[in-house]
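Here is the structure we will look at, set down as structure tokens.
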Amino acid sequence: MLSIIPMLPQLGIGAADLAAAFLFLYGLHRMSSPVTAPSGIFVAGIGMAVAVLASFLYAFGVSQAAQPDLMINIGLVIVALAIGGGTAWWGGRTVAMTAMPQMVAIYNGMGGGAAGAIAAVELFGGKADGMTALIVTLVGALIGAVSLSGSLIAWAKLDGVIKKPLRFKGQQVFNGIILLATLAVGGYLVAATQDKSLLVLAMPASIYLFFACALALGIFMTLPIGGADMPVVISIFNAFTGLAVGLEGFVLQNPALMIAGMVVGAAGMLLTLLMAKAMNRSVSNVVFTNFGEVSKYKQGNIKGSLKPMQAGDAGIAMRYASSVIIVPGYGLAVAQGQGKLYEFVKLLQAGGVSVKFAVHPVAGRMPGQMDVLLAEAGVPYDMIFQLEDINDQFSSTDFALVIGANDVVNPAARSDKTSPIFGMPILNADKAKKVFVVKRGEGKGYAGIVNALFYGENCDMVYGDAQAVLIKMIEAVRGLGLPAVA
Ligand code: NAP
């Protein structure tokens, strides 16, 4: 019985790793529904804390003789945790809803960078000496470094720091050469570790060169991709980061890292495929073609005219309708109009109007942004419908209220083969009996193209900031002084 005592630290680490893995998976499972998502994030966060605890247990479990600088290193880890945790806490609290994609890009890059840093410690310390361990470490280092530099470029594009895609002739070939150079240096590192006589360039210099090539690859892969595709690119890098973390977990023989990495990798890949599907594009089309380059796209002849309407009149018209479908888009998040929107909806419902929300899978600037926005305002989940569940209902609806949305209701996606968004499934708002579009002016959507819906016979434009327009609609409906319908 007493013989188990020396094994206790090891058992403790194993149990903590297992608990962390369970919490990651359970948290992810809860994130699959907007109702349980907030608690899912909390559970996964606890899993992360347990994984950190397991790492501390591991550090104390290894003999003191093997790690003379243990206390200094623990001190450094605590400082790093305080800086990282403090920055993330502050960033998470202050980030604007519209800047979420940038924040995701940065965090993603940090994950890739962390995996690359683990690999660098292993490589420079000469710890990954077996052939398999070395190859796995190098693959993890490559993917982690690509994810770090690529995510930073994605952040810069989303934040408007880099305004235009950088494209030049022979770019794919150039990127191919960088990839080959990275693989060649990696191959050299493996060969030179096995046979010292092959060593022509000092090991540290070769490792630096390997990382430089991998970082350059991430930068040049991402620079030519258009801003509109950045969320998909971030999702790809998210999958990369997971893979890199999983591989480094294998090298360190750390089950929590392996499982977390695999889960992130698989989830990132699934999300990438789902986003590409929602835009009717393939992943290779996103990465290798120039979507978003609309300068060559000639807009077809759009007939009709833009017909402005007063916000109050539009609000009153909807109050007398029997059904309204609301299509929220990126502009609603910009205006932070979700609270006022739900206040308006409750007024309509009090008047007996049937109101539903139609959410497009890529409305906004990141998947799920509209669901989160509506949830923030307290909109019940049973009022929110996804594209495939509601698209048939537009034709029998009195009013479609398109609020801050543009590309996701652009009929060119259905009919204009030359349009950059052709083939993307759209919400059939144009089929409603009457459409009100709320936007500030003649600004284009993310794809940078004109929307024929706005010129349609059945469409009126309600110009103004979404929140200001909603306030006017609420005032107008309240001004009617109508009693609520039981
Ligand atoms: P959108 O096409 O970008 O259009 C947003 C509209 O909102 C603009 O036309 C703008 O017109 C208006 N707007 C901006 N600020 C406003 C404010 N304060 N008040 C009222 N209106 C305002 O948005 P979307 O329909 O949601 O489409 C999303 C786009 O992002 C799609 O092209 C999609 O492919 C792309 N995308 C999204 C994801 C994702 O994960 N969600 C991923 C990749 C790509 P004004 O300037 O005239 O006001």
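In this text, all values refer to a predicted model and were calculated from it rather than measured experimentally. Every number for a ligand or one of its atoms is a count from 1 in the order of the listing.
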Quiz prompt | Residue among Leu306, Val438, Val469 satisfying side-chain contact (heavy atoms from CB on, under 4.5 Å) with Tyr463 | solution =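 Running side-chain contact (heavy atoms from CB on, under 4.5 Å) over Leu306, Val438, Val469 with Tyr463 returns exactly one hit, Leu306.
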
Practice problem: Under 4.0 Å, heavy atoms only, figure out whether ligand 1 is touched by the backbone of Met275, its side chain, both or neither. | Solution: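 Near ligand 1, Met275 shows its side chain, while the N, CA, C and O stay back.
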
Is it the case that more than 12 heavy atoms not belonging to [X] sit under 6.0 Å from its [atom1] atom?
{"X": "Glu343", "atom1": "CD", "result": "yes"}
{"X": "Phe385", "atom1": "CZ", "result": "yes"}
{"X": "Met48", "atom1": "CE", "result": "no"}

Any nitrogen or oxygen of [X], side chain or backbone, less than 3.5 Å from one on ligand 1?
{"X": "Gly329", "answer": "no"}
{"X": "Val362", "answer": "yes"}
{"X": "Met424", "answer": "no"}
{"X": "Gly443", "answer": "yes"}

Exercise. Might you point out which heavy atoms bring Leu427 and Ala358 nearest each other, and give the distance in Å?
Key: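 That would be CD1-O, 3.7 Å.
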
Counting from 1, what ligand 1 atoms have a heavy atom of [X] closer than 4.0 Å?
{"X": "Val408", "answer": "25 (O), 27 (O)"}
{"X": "Lys444", "answer": "8 (C), 9 (O)"}
{"X": "Ala466", "answer": "19 (N), 20 (C)"}
{"X": "Asp465", "answer": "17 (C), 18 (N), 19 (N)"}
{"X": "Gly464", "answer": "20 (C)"}

Exercise. Check salt bridge (charged side-chain N to carboxylate O under 4.0 Å, His left out) between Lys356 and all other residues, then give those that pass, not counting sequence neighbours.
Key: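 Residues passing salt bridge (charged side-chain N to carboxylate O under 4.0 Å, His left out) with Lys356: none at all.
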
My understanding is that we take every heavy atom of each candidate and find the minimum distance to [atom]. Doing that for [options], which one comes out nearest?
{"atom": "atom 29 (C) of ligand 1", "options": "His360, Gln467, Met366, Arg365", "result": "Arg365"}
{"atom": "atom 46 (O) of ligand 1", "options": "Arg440, Gln369, Glu442", "result": "Arg440"}
{"atom": "atom 26 (O) of ligand 1", "options": "Gly364, Ala405, Ala447", "result": "Gly364"}
{"atom": "atom 23 (O) of ligand 1", "options": "Phe454, Tyr446, Tyr330", "result": "Tyr330"}

Exercise. May I have the step-by-step check of side-chain contact (heavy atoms from CB on, under 4.5 Å) for Phe237 and Thr222, ending in yes or no?
Key: CA-CA 10 Å; Phe237 285 139; Thr222 320; 3.4 Å; yes

Self-check item: NZ/NE/NH1/NH2 to OD/OE distance under 4.0 Å, Asp465 and Arg440
Solution: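 No.
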
Quiz item: Under 4.0 angstrom from ligand 1, any heavy atom of Gly368?
Solution: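 No.
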
Quiz item: Can you name the residues that form a side chain to side chain contact (heavy atoms under 4.5 Å, CB included) with Tyr320, not counting sequence neighbours?
Solution: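 Residues passing side chain to side chain contact (heavy atoms under 4.5 Å, CB included) with Tyr320: Ile316, Leu480, Leu482.
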
Quiz prompt | Ring geometry between Phe220 and Phe174 (parallel below 30°, tilted from 30 to 60°, perpendicular above 60°) | solution =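 Taking Phe220 first and then Phe174, their aromatic rings stand perpendicular (interplane angle over 60°).
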
